[in-house]
Amino acid sequence: MLLVVVRELENCPHFNAGRGSVLTTSGTVEMEACIMDGNTKKCGAVSGLSTVVNAISLARLVMEKTSHIYLAFDGAEAFAREQGVATVDANHFITPENVERLEQAKEANRVQIDYTQPVKEDKPQETSSGKGDSHSGTVGCVAVDGSGNLAAATSTGGLVNKMVGRIGDTPIIGAGTYANSFCAVSATGKGESIMRATVARDVAALMEYKGLSLKEAAAYVVNNVPKGNVGLVAVSANGEVIMPFNTTGMFRACATEDGYSEIGIWPSETDCVLPDPTRN
């Protein structure tokens, strides 16, 4: 189910992954993805994909079919062909909407999160608080089964107008994606900030070493990343779900096998980290 969800999101051009991946400064696509099994700690990651239809499927094959964790660029593309993974011409991913986003970002002289409204700067800048936040983008899914086994998967196109060869947090184990016996975490937002904070692993570590609940751990981590830079979805081994963010909004949803479901975009009292009055 985990892979099915992420593949469906990759196939939707409205998200920054797969078909809807944003463009590099050269107008190309460089997709990345990661998957991790919390029970075995097995994981697979890929970066720099330009022809693979579903990056998350290739990440799973790296996990299952190789002795490695991470493949990128030409090596990852070659492995995809070797494994018979579905590929298309790179132009398949160059959507008119993302061409327009790239043009706007270049005009504003910015490297930015996918749906941030461009603001003109004198020198290249990255998305920051007060200049507009991303509401959607990187896709991810976390899951727990009836035995408490956890898994996480994440897929993205990265930042609009990013340098060719730039790698974000998504394929970095412990940054954008992580799962162990305590929780599974998938993050979205500004990759550089997420990597500096080792967001996904820190949530798990606070649960493991400090005895915090998932909600407490996620709140602490998100509130210690600069505002406007991160959101995450996470689930614990006992089924607790949390979807906090410090951006203006984040498309998110959860569902259980007994039929309960919840969706959201804007902050809510049930799953959003509320402003911390001790922080600026």
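Nothing fancy with the numbering, it's 1 onward along the sequence.
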Has Asn224 got a side-chain atom pairing as donor or acceptor with Val222's backbone, closer than 3.5 angstrom? no
Looking at every non-hydrogen atom in both residues, tell me the closest pair between Cys34 and Ile173 and how far apart they are. SG-CD1, 3.3 Å
Closest approach of Val46 and Tyr70, non-hydrogen atoms and distance? C-CE2, 3.9 Å
Walk me through whether Glu77 and Thr51 qualify under side chain to side chain donor-acceptor pair (under 3.5 Å). CA-CA 8 Å; Glu77 292 277 350; Thr51 69; 2.5 Å; yes
How long is the span from the CE atom in Met1 to the SG atom in Cys141, to the nearest 0.5 Å? 9.0 Å
Separation between CD1 (Ile167) and CE (Met195), nearest 0.5 Å, reads 8.5 Å
Side-chain touch Val235/Leu150, heavy atoms, less than 4.5 angstrom: yes
Pairs involving residues 54-72, ordered by first then second residue, that meet salt bridge (Lys or Arg N to Asp or Glu O under 4.0 Å) (sequence neighbours left out): Arg60-Glu64
Does the side chain of Glu30 come within less than 4.5 Å of Phe73's, by heavy atoms? yes
So, taking the atom named CD in Gln104 and the one named NZ in Lys106, what distance separates them when rounded to the nearest 0.5 Å? 13.0 Å
Would a single hydrophobic cluster contain both Phe182 and Val199, if residues Ile, Leu, Val, Met, Phe, Trp and Tyr are joined by side-chain heavy-atom contacts under 4.5 Å? yes
Set of side chain to side chain donor-acceptor pair (under 3.5 Å) partners for Glu216, sequence neighbours left out: Ser213
How close do Leu2 and Ala151 get, heavy atom to heavy atom, and via which atoms? CD2-CB, 3.8 Å
Mind jotting down which residue pairs meet the side chain to side chain donor-acceptor pair (under 3.5 Å) criterion with at least one end in residues 165-176? Sequence neighbours excluded, please. Arg166-Glu192
Can you tell if the side chain of Trp266 reaches within under 4.5 Å of the side chain of Met250, non-hydrogen atoms only? no
Listed partners of Thr28 passing side chain to side chain donor-acceptor pair (under 3.5 Å), at least two apart: Thr24
Tightest non-hydrogen contact, residues Ile35 and Leu3, listed as CD1-CD2, 3.6 Å
Residue list, side chain to side chain donor-acceptor pair (under 3.5 Å) with Thr156, at least two apart or on another chain: Thr138
Is Phe245 close to Leu232 at the side-chain level, that is, under 4.5 Å between some pair of heavy atoms? no
Asn180 versus Glu208: any side-chain heavy-atom pair under 4.5 Å? yes
Could you measure the distance from the CG atom of Asn109 to the CG atom of Asn161? Nearest 0.5 Å is fine. 8.0 Å
Is there a continuous path of hydrophobic side-chain contacts, each under 4.5 Å between heavy atoms, that joins Leu71 to Val29? yes
Looking at side-chain heavy atoms only, is the closest gap between Arg81 and Phe79 below 4.5 Å? no
Give a yes-or-no answer on whether the side chains of Ser186 and Thr177 include a donor-acceptor pair shorter than 3.5 Å. no
Is there side-chain contact between Asn246 and Asn223, with heavy atoms separated by less than 4.5 Å? no
Is any side-chain heavy atom of Ile69 closer than 4.5 Å to one of Val62? no
Under 4.5 Å between side-chain heavy atoms, hopping through other hydrophobics if needed: is there a path connecting Val225 to Val185? yes
Atom pairs and distances, side-chain donor-acceptor, residues 85-95, under 3.5 Å, sequence neighbours left out:
residue : atom : partner : partner atom : Å
Asp89   : OD1  : Asn91   : N            : 2.8
Asp89   : OD1  : Asn91   : ND2          : 3.2
Thr95   : OG1  : Asn98   : N            : 3.2
Thr95   : OG1  : Asn98   : ND2          : 3.3

What distance do Met31 atom CE and Asn16 atom CG have between them, rounded to the nearest 0.5 Å? 11.0 Å
Would Asn54 and Asn11 count as a side chain to side chain donor-acceptor pair (under 3.5 Å) if you check the C-alpha gap in whole Å, the side-chain angles of each, and the deciding distance to 0.1 Å? CA-CA 8 Å; Asn54 294 111; Asn11 293 338; 3.1 Å; yes
Search all heavy atoms of Val52 against all heavy atoms of Leu49 and return the closest pair with its distance. CB-CD1, 4.0 Å
Hey, does the side chain of Lys215 reach the backbone of Ile242 with a donor-acceptor pair shorter than 3.5 angstrom? no
Return the minimal non-hydrogen interatomic distance between Ala17 and Val139, and the atom names on each side. CB-CG2, 3.7 Å
